[in-house]
Peer 1: 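Sharing a structure here in structure tokens format.
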Amino acid sequence: MKYIYFDCYAGFDVQMALGSLIDMSDKKDLALKTAQDILEPVTLYTEQTKRQGMDALLSYFDFSYSKSDDTSVLIESSALDESLKTKLRSWYKLKSDGKKGNYIEDTRELLMAAAAFAIIDSLEADKIYVSALFQGGGGNFKPSPHTELLGKMSELPIYPSAEQKEILTPGGIAFLKVLGAKYLSPQSHDVIKSGY
């Protein structure tokens with residue numbers, strides 16, 4: 001059985017998913033094409049960076065935008081296949097809780113989610129597994145009630161961390177929920193490829 005395992009000790013969001021998937025699979029071209037099927041022009045930037053003392057691939061999209069655009073309209077008017085549109089509809093509904101957010105942030109996260117879903121589909125994994133998840137909760141920081149609700153819906157173990165910032169986002173937990181990710185305790189794997 002071939003599966004993808006997300007080790008989420010530092011939290012989880014779609015940008016982390018996309019960076020690790022591109023790093024693991026070298027499918028940067030697929031990520032860019034997927035984003036371009038939603039919006040033109042768009043550019044994908046990747047750069048090596050350090051995260052907690054480890055080399056990591058930071059990935060993000062830059063694009064032109066119109067304030068009149070709506071994220072759900074972008075999904076429906078995209079050139080994506082219906083399977084990917086279905087995942088994005090579910091993801092967006094879960095992560096946004098039916099509320100419109102900041103267009104630029106919503107669109108950038110949509111492009112990252114679409115690209116990450118496309119890469120996962122191309123890898124033809126049998127299952128998606130995830131470690132325990134952690135969310136900020138230290139000091140005066142209070143996790144989003146929406147993130148906590150999505151965590152309960154996903155039936156994944158989520159624990160507080162000392163971080164005084166959001167490290168598990170609604171978009172990240174919604175992404176795992178749409179994938180049907182299941183918890184798998186840390187153990188040895190026969191690793192084919194890894195990404196960070």
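For the single chain, residues carry numbers from 1 onward in sequence order.
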Peer 1: Name the one of I173, T169, I158 that satisfies side-chain contact (heavy atoms from CB on, under 4.5 Å) with L150?
Peer 2: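 Testing each of I173, T169, I158 against L150, the sole residue satisfying side-chain contact (heavy atoms from CB on, under 4.5 Å) is I173.
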Peer 1: If hydrophobic clusters are built from ILVMFWY residues whose side chains come within less than 4.5 Å, do Y3 and L21 share one?
Peer 2: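 No: no chain of side-chain contacts under 4.5 Å links Y3 to L21.
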Peer 1: Is L58 reachable from F12 through a run of hydrophobic residues whose side-chain heavy atoms are each under 4.5 Å from the next?
Peer 2: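 Unlinked, F12 and L58 end up in two clusters.
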Peer 1: Run the ring-ring contact (aromatic ring centres under 6.0 Å, His included) test against F61 and tell me which residues pass, sequence neighbours left out.
Peer 2: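 Result, ring-ring contact (aromatic ring centres under 6.0 Å, His included) vs F61: none returned.
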Peer 1: Please list all pairs meeting ring-ring contact (aromatic ring centres under 6.0 Å, His included) that have one or both residues in residues 73-95, counting only residues at least two apart or in different chains.
Peer 2: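 Sorted result for residues 73-95: empty, none.
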Peer 1: Which heavy atom of S64 sits nearest a heavy atom of L39, and at what distance?
Peer 2: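 Between these two residues, the closest heavy atoms are O-CD2, 3.9 Å.
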Peer 1: For K93, enumerate each residue passing the salt bridge (Lys or Arg N to Asp or Glu O under 4.0 Å) test, keeping only those at least two apart in sequence or located in another chain.
Peer 2: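 In terms of salt bridge (Lys or Arg N to Asp or Glu O under 4.0 Å), with neighbours along the sequence ignored, K93 is linked to no residue.
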Peer 1: Who are the side chain to side chain donor-acceptor pair (under 3.5 Å) partners of D55, not counting sequence neighbours?
Peer 2: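 Here the qualifying residues are K50.
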Peer 1: Kindly state each residue pair satisfying salt bridge (charged side-chain N to carboxylate O under 4.0 Å, His left out) with at least one member in residues 112-122, sequence neighbours excluded.
Peer 2: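 Listed by first then second residue: K87-D121.
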Peer 1: As an exercise, state the distance from CG of D7 to OG of S194, rounded to the nearest 0.5 Å.
Peer 2: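 Here the interatomic distance stands at 11.0 Å.
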Peer 1: Please list all pairs meeting ring-ring contact (aromatic ring centres under 6.0 Å, His included) that have one or both residues in residues 28-50, counting only residues at least two apart or in different chains.
Peer 2: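 Pairs touching residues 28-50 that pass the test: Y45-Y60.
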Peer 1: For residues 177-186, which side-chain donor-acceptor pairs fall under 3.5 Å, sequence neighbours excluded?
Peer 2:
| from | atom 1 | to | atom 2 | distance (Å) |
| --- | --- | --- | --- | --- |
| K177 | NZ | M153 | O | 3.4 |

Peer 1: Roughly how far apart are R108 CZ and T71 OG1, rounded to 0.5 Å?
Peer 2: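 Here the rounded value is 12.0 Å.
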Peer 1: For C8 and S131, work out which heavy atoms get closest and say how close.
Peer 2: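 Closest approach of C8 to S131, heavy atoms only: N-OG, 2.7 Å.
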Peer 1: Could you give me the CA-CA distance, side-chain angles and deciding distance for E109 and Q15, then say whether side-chain contact (heavy atoms from CB on, under 4.5 Å) is met?
Peer 2: CA-CA 7 Å; E109 194 173 19; Q15 186 174 31; over 6 Å; no
Peer 1: Just to verify, what does F63 make a ring-ring contact (aromatic ring centres under 6.0 Å, His included) with, not counting sequence neighbours?
Peer 2: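 Partners of F63 under the ring-ring contact (aromatic ring centres under 6.0 Å, His included) test: none.
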Peer 1: Work out which heavy atom in A118 is nearest to a heavy atom in L30; give both atom names and the distance.
Peer 2: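 Nearest heavy atoms, A118 then L30: O-CD2, 3.7 Å.
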Peer 1: Please state whether the rings of Y196 and Y9 are parallel, tilted or perpendicular, taking 30° and 60° as the class boundaries.
Peer 2: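 The arrangement is parallel - the two ring planes meet at less than 30°.
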Peer 1: For residues S59 and G19, report the shortest heavy-atom separation together with the two atoms involved.
Peer 2: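 Taking S59 first and G19 second, the nearest heavy atoms are OG-CA, 3.6 Å.
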Peer 1: Working note: L111 + V42, criterion side-chain contact (heavy atoms from CB on, under 4.5 Å); need CA distance, chi angles, decisive distance, verdict.
Peer 2: CA-CA 9 Å; L111 297 176; V42 62; 3.8 Å; yes
Peer 1: Do Y129 and F175 share a hydrophobic cluster, counting only Ile, Leu, Val, Met, Phe, Trp and Tyr and linking them when any side-chain heavy atoms are less than 4.5 Å apart?
Peer 2: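 Per the 4.5 Å side-chain linkage, Y129 and F175 are not co-clustered.
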Peer 1: Check the orientation of H189 and Y5. Use parallel for under 30°, tilted for 30 to 60°, and perpendicular for over 60°.
Peer 2: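 Answer is tilted, since the angle falls between 30° and 60°.
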Peer 1: Not counting sequence neighbours, list each pair that qualifies as a salt bridge (charged side-chain N to carboxylate O under 4.0 Å, His left out) and has a residue in residues 21-31.
Peer 2: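 Found none.
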Peer 1: Show the nearest heavy-atom pair for residues G11 and M16, with the distance to one decimal.
Peer 2: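 Looking at all heavy atoms of both residues, the shortest contact is O-CE, 3.8 Å.
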Peer 1: Sequence neighbours left out, what passes salt bridge (Lys or Arg N to Asp or Glu O under 4.0 Å) with D106? Give chain and number order.
Peer 2: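 Partners of D106 under the salt bridge (Lys or Arg N to Asp or Glu O under 4.0 Å) test: K95.
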Peer 1: I167: which other cluster members, linking ILVMFWY side chains closer than 4.5 Å, directly or transitively?
Peer 2: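 Other cluster members: F134, Y159.
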Peer 1: Donor-acceptor pairs under 3.5 Å, side chain of residues 77-84 to any protein atom, not counting sequence neighbours: which ones?
Peer 2:
| from | atom 1 | to | atom 2 | distance (Å) |
| --- | --- | --- | --- | --- |
| S77 | OG | V73 | O | 2.8 |
| S78 | OG | I75 | O | 2.8 |
| S78 | OG | L80 | N | 3.4 |
| D81 | OD1 | S83 | N | 3.0 |
| D81 | OD1 | L84 | N | 2.8 |
| E82 | OE2 | R89 | NH1 | 2.8 |
| E82 | OE2 | R89 | NH2 | 3.0 |

Peer 1: Look up atom CD in E76 and atom NZ in K85, then write down how far apart they are to the nearest 0.5 Å.
Peer 2: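 These two atoms lie 6.0 Å from each other.
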Peer 1: How many angstroms lie between atom OG of S25 and atom CG of L123, to the nearest 0.5 angstrom?
Peer 2: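 Between atom OG of S25 and atom CG of L123 there are 5.5 Å.
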Peer 1: Could you check if a side-chain atom of T147 sits within less than 4.5 angstrom of a side-chain atom of P170, using non-hydrogen atoms only?
Peer 2: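 Heavy-atom side-chain distance check passes, below 4.5 Å.
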Peer 1: To the closest 0.5 Å, what do you measure between OG1 (T107) and CD1 (I38)?
Peer 2: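 Output value for this atom pair is 9.5 Å.
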Peer 1: Which atom pair, heavy atoms only, marks the closest approach of L18 to A116?
Peer 2: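 Closest heavy-atom pair between L18 and A116: CD1-N, 3.9 Å.
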